Amino acid sequence: MGTEKRERQKANRQQRLIEEARIERTNVVKRNAVRWTAAIVAAVGAIVLIAWVGGAFDGGGDEEEVAPVITLPPLDTTPADTAPVDTTPVPPKPEVAIPDEIPTELVVTELSPGEGPEAADGDTVVVHYVGVRSEDGTEFDNSYDRGAPFPVIVGSGSVIAGWDQGLVGAQAGSQIQLDIPADLAYGDNPQGGIIQPGDALTFVIDVVSVTPAASS
């Protein structure tokens, strides 16, 4: 009789332990669920806060935020220090008839007349030219092939003496021939491999323009 009672007491204790373990497991599950729910809510709240601070929520309804328009100044494509372009047509390069005798003094021949003021010392004369050796007609230089006229200030010494003297009296539109002795050309100084010491030179010149010197 006493043994049976002890067995029942033992069984009751085991049942209570099983029930207490089940209740504990249930409580653990509930606590974990609460923790996970809190963590999810906190994460969502953080995302919303970051988005709001970053401007995703502007508090103005569904209006789209418009970025400010930046207007740049127009690009200046004008080259600096642009020189005026010479649009004067280039006349055809003339043939040069060399003199029958080597010139010993300056000979100025007007091949075609011009008009306007006659060039004087200090005036700027713009020309096209072709130059040859008076002895055999070998060409050594010309401006026609370059396509650009050549400006000369008459009497300034920037060219050979035969030009400084021979351009006096020239008019715009005229064509002249200068037969220049060696002493008014390069004398005994060879030039460019073609002009030899003592060479006389012959030029045919088209006068493009004559600009009088500014009066002081």
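Nothing here was measured: the structure is a model prediction, and the numbers come from that model. Sequence positions, counted from 1, serve as the residue numbers for this chain.
Among the candidates Val107, Asp179, Thr109, the single residue satisfying the side-chain contact (heavy atoms from CB on, under 4.5 Å) test with Pro99 is Asp179. The only option from Val207, Val208, Val204 that meets the side-chain contact (heavy atoms from CB on, under 4.5 Å) definition with His128 turns out to be Val208.
With rounding to the nearest 0.5 Å, the separation of CD1 in Ile180 from OG1 in Thr104 is 13.5 Å. Interatomic distance, Ser134 OG to Glu101 CD, rounded to the nearest 0.5 Å: 12.0 Å. To the nearest 0.5 angstrom, Glu118 atom CD is 5.0 Å from Gln171 atom CD. We find the OH-CG distance between Tyr129 and Asp206 to be 13.0 Å, quoted to the nearest 0.5 Å. Between atom CG of residue Asp141 and atom CZ of residue Arg146 there is a gap of 5.0 Å, rounded to the nearest 0.5 Å. Put simply, CD1 on Ile153 and CG on Asp123 are 10.0 Å apart, with the number rounded to the nearest 0.5 Å.
Annotation for Ala170 and Val210: closest pair O-CG2, 3.7 Å, computed over non-hydrogen atoms. Smallest separation of non-hydrogen atoms from Glu139 and Val132: CA-CG1, 3.7 Å. Ser158 and Ser156 get closest at one heavy-atom pair: OG-OG, 3.1 Å. Of all heavy-atom pairs between Gly173 and Ser112, the closest is O-OG, 4.4 Å.
Here salt bridge (charged side-chain N to carboxylate O under 4.0 Å, His left out) pairs that include residues 154-178, with residues two or more places apart or in two chains, number zero.
Placement of Leu201 and Ile102 in two distinct hydrophobic clusters is found when ILVMFWY residues are connected by side-chain heavy-atom separations under 4.5 Å, directly or transitively. Residue Leu184 is not grouped with residue Ile98 when hydrophobic side chains (ILVMFWY) are merged at heavy-atom distances under 4.5 angstrom, including chains of intermediate members. By the rule that hydrophobic residues join a cluster once side-chain heavy atoms approach within less than 4.5 Å of another member, Tyr144 and Val126 end up as members of separate clusters. Hydrophobic clustering of Ile, Leu, Val, Met, Phe, Trp and Tyr side chains at less than 4.5 Å, counting indirect connections, keeps Val130 apart from Val159. Under a hydrophobic clustering in which Ile, Leu, Val, Met, Phe, Trp and Tyr are joined whenever their side-chain heavy atoms come within less than 4.5 Å, directly or via other members, Ile194 and Leu178 fall into the same cluster.
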Exercise. Kindly determine whether Phe203 and Ile160 satisfy side chain to side chain contact (heavy atoms under 4.5 Å, CB included), including the steps that lead there.
Key: CA-CA 12 Å; Phe203 292 86; Ile160 59 177; 4.1 Å; yes
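At least one side-chain heavy atom of Val168 sits under 4.5 Å from a side-chain heavy atom of Val154. At a threshold of 4.5 Å between non-hydrogen side-chain atoms, the residues Ile205 and Leu167 count as touching. Considering only heavy atoms from C-beta on, Tyr186 stays 4.5 Å or farther from Asp199 through its side chain.
Side-chain atoms of Gln177 come within 3.5 Å of backbone atoms of Ala97 as a donor-acceptor pair (strictly under, hydrogens ignored).
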